[in-house]
Amino acid sequence: MSLRGEVDRVVTELTADLGRLDGVHNNVGVTNAPSTIDSLSEAEWDRVIRTNLKGCWLVLRRSLAQMRKQMSGAIVNSASIAGTHAFRQLGPYCASKAGVIALTQVAAAENAQLGIRVNAVAPGMTAVGIGVTGLAKPPEDGPDPSRRYGAPEEVADAVCWLLSDQ
């Protein structure tokens, strides 16, 4: 099944079971193997962009279609600090997460008057295992002056608040 087919199936089944779609955490992300832009393969670029950016768009597209019918709902997209700061050898990941931020802004602007909220969280380095498990702590030259890993629960708390009526 295609990625689009999977997204359509899940949203259709959820909506049929629950009668509506009130909140979506659009949490997708893969990183690339560290590689400079000039040595990166096209296949690796396509894999990261397809998963992180196209995957986000597909979930947004299908979820927004349902929420527009309802005239309500909330979506939180998972971006990353890598969408606003350059991390050497992570070109596709940084580009994809910058795209998620821009896509979130457009979706928010297009749907705000319909009672639909679209936001993004952009955490720094979080202790979840993708690409960070070998580091004792974030690098000194990184964008986070605390030099600590965030906890997944901290991100989850922010997502839950953004999805809530608070």
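All values below were derived from every heavy atom in this structure, side-chain atoms included, with hydrogens, water molecules and symmetry-related copies excluded.
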Please report the closest heavy-atom contact between [X] and [Y], naming both atoms and the distance.
{"X": "Ala158", "Y": "Val121", "value": "CB-CG1, 4.2 Å"}
{"X": "Leu58", "Y": "Val7", "value": "O-CG1, 3.6 Å"}
{"X": "Asn26", "Y": "Gly55", "value": "OD1-O, 4.4 Å"}
{"X": "Pro123", "Y": "Val155", "value": "CB-CG2, 3.7 Å"}
{"X": "Asn32", "Y": "Pro92", "value": "OD1-CD, 3.5 Å"}

Item to check | Under 3.5 Å donor-acceptor, Gln66 side chain and Val11 backbone | outcome: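 No.
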Checklist entry - Judged by atom type as modelled, is there a donor-acceptor pair below 3.5 Å linking the side chain of Arg117 to the main-chain atoms of Gly73? => result no
Quick one, [X] and [Y] - any side-chain contact, counting heavy atoms below 4.5 Å?
{"X": "Phe87", "Y": "Ile81", "value": "yes"}
{"X": "Leu53", "Y": "Val100", "value": "yes"}
{"X": "Ile116", "Y": "Val118", "value": "yes"}
{"X": "Ile75", "Y": "Met67", "value": "yes"}

Linking I/L/V/M/F/W/Y whenever any side-chain heavy atoms sit under 4.5 Å apart, do [X] and [Y] land together?
{"X": "Leu163", "Y": "Leu114", "answer": "no"}
{"X": "Leu64", "Y": "Met71", "answer": "yes"}
{"X": "Val10", "Y": "Leu60", "answer": "no"}
{"X": "Leu18", "Y": "Val24", "answer": "no"}

Checklist entry - Given Asn52, which of Ser80, Ser78, Ser96 fulfils the side chain to side chain donor-acceptor pair (under 3.5 Å) condition? => result Ser96
Checklist entry - Taking it one step at a time, do Val28 and Val59 satisfy side-chain contact (heavy atoms from CB on, under 4.5 Å)? => result CA-CA 10 Å; Val28 64; Val59 172; over 6 Å; no
Next on the checklist: My understanding is that a hydrophobic cluster links ILVMFWY residues whose side chain heavy atoms are under 4.5 Å apart, including indirect links. Using that, what else belongs to the cluster containing Val106?
Outcome noted: none
Item to check | Cys94/His85 under side-chain contact (heavy atoms from CB on, under 4.5 Å): CA gap, chis, key distance, verdict | outcome: CA-CA 8 Å; Cys94 292; His85 290 77; over 6 Å; no
Checklist entry - Any salt bridge (Lys or Arg N to Asp or Glu O under 4.0 Å) pairs touching residues 62-85, not counting sequence neighbours? => result Asp8-Arg62
Checklist entry - Can you list every pair that meets side chain to side chain donor-acceptor pair (under 3.5 Å) and has a residue in residues 154-164, with sequence neighbours left out? => result Arg148-Glu154, Trp161-Gln166
Next on the checklist: Working note: Thr36 + Ser39, criterion side chain to side chain donor-acceptor pair (under 3.5 Å); need CA distance, chi angles, decisive distance, verdict.
Outcome noted: CA-CA 5 Å; Thr36 59; Ser39 63; 2.8 Å; yes
Item to check | salt bridge (Lys or Arg N to Asp or Glu O under 4.0 Å) between Glu44 and Arg47, intermediate numbers included | outcome: CA-CA 5 Å; Glu44 184 70 348; Arg47 181 185 71 84; 3.0 Å; yes
